[in-house]
Amino acid sequence: MAGPVAASAPGKLILFGEHAVVFGEPALCTAINLRTEVFARPHQEWLVDGASLDAPKYRYVKAAVRRAWSDGPLWLEIRSMIPTGAGLGSSAAVTVATLGALQELQNSLDPPAIAREAFEIEHEVQGRASPIDTSAATAGGGVLVRPEESDDLLWTITKDTRRWCLHRCTLPDLTFVIGNTGISAATGPLVAGVKERVDASPKAASMVREIGHITMDGLVALQRKDLVAAGQLMDRDQELLNALGVGHPMLDRLVAAARKHSYGAKLTGAGGGGSMVALTDEPEKAARAIREAGGKTFLVHPDPVGVRRLP
Ligand code: PMV
């Protein structure tokens, strides 16, 4: 029997713009150097990691094969370095890497098609999603999502009446410290809570717009390697996210601990628990402070490589 083909895809870290992106504001994300690999080859029955494809933890893999494969059963194996439930894009990476492996079995990788299909799968499995995670896992590197097309467009993705324009943006090789609270919170209700506030209060709506400005200013600051300015923008973003109701006391604790050794720190992803990110040139010290405050830590770097075939 032929050997397996394999594809890998990176996790992601949202640097600026979570929640505001749901209202059409820009968001900035980077792929990170924690990756998921998916191995696939034809087999006499469906197996994933030697088990049934129906297990809940393989729901993204199952949705991917259902949409993108019609040629008979496969043997699949998943190897992931990305912690699950930490807001680091593990579901997007496994979805994108699965689609990558399936495409490699058929012919060759088509990243824009993978980005669109992976977004549809996340949408199907999660109910609602923006395409940031899946596009970062597909494209690698820095990804800026905006409502309009501008220079360095990667692809556009549409769903119902919504449209996202995903752009390539170059980020310097920084170390980011992630602090995970260990508290998992579903994204859907957090997004719904922000919408309620925005609908009820012009002040909340103006906070969302301010996050949009912070995202664009933060991108410029990071590209200039002005870490002081980028850190201050992260701190302000954190204040606004808290005011929009997506903070958590444990996130505040980890953010405060990290800031002693950082330019700035904020929650990353949906909030309500989940993870925070610190920008620092003393990653070990910041990580120790986060651990002492009760968090789990990961040191990550931007990963310029998106979905790819493994040799
Ligand atoms: O939980 P994550 O890391 O996938 O981030 C959610 C980001 C939100 O802006 C809150 C929602 C979205 O779909 O963009």
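We count ligands from 1, going down the list as the structure has it; atoms in each ligand are counted the same way. Note that the structure is a prediction, hence the values are computed from the model and not measured.
- Partner of Tyr263 under the side chain to side chain donor-acceptor pair (under 3.5 Å) criterion, out of Thr280, Asp226, Asp281, Asp235: Asp281 alone.
- The stretch residues 191-213 participates, sequence neighbours left out, in these side-chain hydrogen bond (donor to acceptor under 3.5 Å, both in side chains) pairs: Lys195-Asp199, Glu210-Arg236.
- Proximity to Val21 (heavy-atom distance under 4.0 Å) selects the following atoms of ligand 1: 9 (O), 14 (O).
- To the nearest 0.5 angstrom, Asp237 atom CG is 9.5 Å from Leu244 atom CG.
- A distance of 9.5 Å separates OG of Ser275 from CG of Leu267, quoted to the nearest 0.5 Å.
- Pairs engaging residues 74-88 under the side-chain hydrogen bond (donor to acceptor under 3.5 Å, both in side chains) rule: Thr36-Ser80, Glu77-Arg79 [sequence neighbours left out].
- Close approach of ligand 1 to Ile14 (heavy-atom distance below 4.0 Å) involves ligand atoms 5 (O), 7 (C).
- In terms of polar-atom proximity, Glu18 is not counted as a contact of ligand 1, lacking any N or O under 3.5 Å from an N or O of the ligand.
- Which parts of ligand 1 touch His19 is read off a 4.0 Å heavy-atom cut-off, strictly below it: atoms 8 (C), 9 (O), 10 (C).
- Between the side chain of Lys266 and the backbone N or O of Leu15, at least one donor-acceptor pair lies under 3.5 Å.
- Close approach of ligand 1 to Ala270 is summarised as follows: ligand atoms under 4.0 Å from at least one heavy atom of the residue are 1 (O), 5 (O), 6 (C), 10 (C).
- In Leu190, neither the side chain nor the backbone holds a heavy atom less than 4.0 Å from any atom of ligand 1.
- Below 4.0 Å from some heavy atom of Lys12 lie the following atoms of ligand 1, by number and element: 2 (P), 3 (O), 4 (O).
- Residue Asp133 has at least one heavy-atom neighbour below 4.0 Å for each of these atoms of ligand 1: 4 (O).
- At a heavy-atom distance under 4.0 Å, no atom of Leu88 approaches ligand 1.
- Between the side chains of Glu122 and Ser91, at least one donor-acceptor pair of N or O atoms lies under 3.5 Å.
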